[in-house]
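Input: a single structure, listed below in structure tokens.
Residue numbers begin at 1 in each chain, while the letters A, B, ... track the order of the sequences.
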There are 2 protein chains.
Amino acid sequence: MATDRRLQFFEESLQLIHHQGYKGTTMRDIATKLKCDVANLYNFVKSKEEILDISLFSINEEFHDGIDAIIESKHTPVGKLRLITQLYVRLTHEKPYEISLLVNSWRHLSHKKKKKFLAERTAYEQKVQRVIQEGVDVGEMKALDPVLATNMVLSAMRWLFDSFADQKSDWNPVEVERQINEFVVSGLGV
Amino acid sequence: MATDRRLQFFEESLQLIHHQGYKGTTMRDIATKLKCDVANLYNFVKSKEEILDISLFSINEEFHDGIDAIIESKHTPVGKLRLITQLYVRLTHEKPYEISLLVNSWRHLSHKKKKKFLAERTAYEQKVQRVIQEGVDVGEMKALDPVLATNMVLSAMRWLFDSFADQKSDWNPVEVERQINEFVVSGLGV
DNA sequence: ACTTTAGATCAACATTTGTTGATGTAAATA
DNA sequence: TATTTACATCAACAAATGTTGATCTAAAGT
């Protein structure tokens, strides 16, 4: 099922969706990029929404699995936080167009799927929150509101997908990772 | 020209655009909200894009003017940075749906207008960058990459519009402002 | 040799969407 | 009183958009 052409179809689709938005990308746009007829696309997915659907929940799962592994590990709160930002930076560098879906295009999921997505997102935000809360409790971090702190930390990295997707920018992801960690850790640190 | 009905039209339009995206919001959606006919909307704007256009460049100007005033003031780099985050938080609290346009909907501007918007955005990002660069130079801030630092600082607040637009969340903007400043200043501080 | 499979083609469709023109009305303004 | 102003209504259209069905081809698997 994962043929070259099919992979190319998803790749081009996600790039277009990143740049033009989900609603702003038509099946005809995608077909033009692939130099084929529109009808052809329905050999790969049974509807436009399936492009979003499949790609979004796939990257979402990958991210959640990573978070879970970190949460269950035996690190200090600060150590866990470092690993979380590391995970986020790496995943974003690897798959900027997929992350773009998590940031922007999730709004266009069907009602049911959107509800599912939001529930999952809330769940992992709470996991990160608990790490920060623990950090505050053991005196490793300063007493900011954990919800607010979580939003700041995650949001502080949310520009990366745009930058990595851009041809012109060529950040070294390891260096980015280091500086983000420095910012976040001393931003929350006592 | 700024009648009640006209103001209501823009208000409802921006709320819909925030929740459904620009392309996802139809003129008929807006008309339904206003309980009037579609054709009626063209008494207020001459095209759909004008809704985006007018609202986006209006909030953009407001923000840029604020930034400029801060840049020209006689504060230390850290002082200026505090004022910048303060400005951002206040403006976002006042006008979350307008800020939403700056974050998301600008992509759907016409080619010409988009170019103009991006040029302006780059210009003010560079202004913030120079503040941070200055902070590094005088030893007030740690030596992170100024581009990266700027992105992190601005991005760290980019979740706020979503939160302020949401009925359920009721952050106290002054407290939010304080905590964001604490995070950002100690995140960049030496 | 037979059949499945991945992909391509072409014509056609029902809806959705932005937009227009012609017209009406009630209140404010002159 | 005459007229401008703000807003409303109705019918209609051209273009864009997601989707389908029927058919074809060439390669891969059996």
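- Side-chain proximity of A:Arg28 to C:dG7, D:dA6, D:dT19: nearest is D:dT19.
- In this structure, A:Ile30 places its CD1 atom 8 Å from P of D:dG18, rounding to the nearest Å.
- Distance from the side chain of A:Lys48 is smallest to D:dG18 among D:dG18, C:dT17, C:dT20.
- Taking atom NZ of A:Lys46 as the reference point, atom P of D:dT19 lies 9 Å away to the nearest angstrom.
- In terms of position along DNA chain C, the nucleotide closest to A:Asn40 lies nearer the 5' end than the nucleotide closest to the other residue of the pair A:Asn40 and A:Lys23.
- What separates CG of B:Leu16 from P of C:dG18 is a distance of 12 Å, to the nearest Å.
- Contact annotation: A:Ser47 does not reach the phosphate of D:dG18 (side-chain N/O to OP1 or OP2, under 4.0 Å).
- For A:Phe44, the side-chain atoms get nearest to C:dA8 when compared with the rest of C:dA8, D:dA8, C:dT20.
- Between B:Arg90 and B:Glu177 there is a salt bridge, since a side-chain N of the basic residue sits under 4.0 Å from a carboxylate O of the acidic one.
- Here B:Thr3 reaches the OP1 or OP2 of D:dC7: one of its side-chain N or O atoms lies under 4.0 Å away.
- Remark: aromatic rings of A:Phe10 and A:Phe44 are distant, center separation not under 6.0 Å.
- No donor-acceptor contact under 3.5 Å links the side chain of A:Arg6 to the base of C:dG7.
- Per the geometry, NZ belonging to B:Lys35 stands 16 Å off C1' belonging to D:dA8, to the nearest Å.
- The distance between atom OH of A:Tyr42 and atom P of C:dA12, rounded to the nearest whole Å, is 19 Å.
- In this structure, B:Asn43 places its CG atom 14 Å from C1' of D:dC10, rounding to the nearest Å.
- The listed nucleotides are C:dG7, C:dA12, C:dG21; the one nearest the side chain of A:Arg5 is C:dG7.
- Using modelled atom types and a 3.5 Å distance limit, the side chains of B:Asn40 and B:Asn43 yield a donor-acceptor pair.
- Of the candidate nucleotides D:dT17, D:dA6, C:dT9, C:dT9 has the atom lying nearest to any side-chain atom of A:Asp37.
- B:Glu50 places its CD atom 11 Å from the P atom of C:dT20, with the value rounded to the nearest Å.
- Using a cut-off of 4.0 Å between Lys/Arg side-chain N and Asp/Glu carboxylate O, B:Asp53 and B:Lys114 are scored as not salt-bridged.
- The nearest whole Å value for the distance from the CG atom in B:Asp29 to the C1' atom in C:dT19 is 16 Å.
- Nearest nucleotide to the side chain of B:Cys36, out of C:dT17, D:dT19, D:dT9: D:dT9.
- Listed nucleotides D:dT19, C:dC10, D:dT9 differ in distance to A:Ala39; the shortest reach to its side chain belongs to C:dC10.
- Taking the centre of each ring, B:Tyr97 and B:Phe161 stay at or above the 6.0 Å mark.
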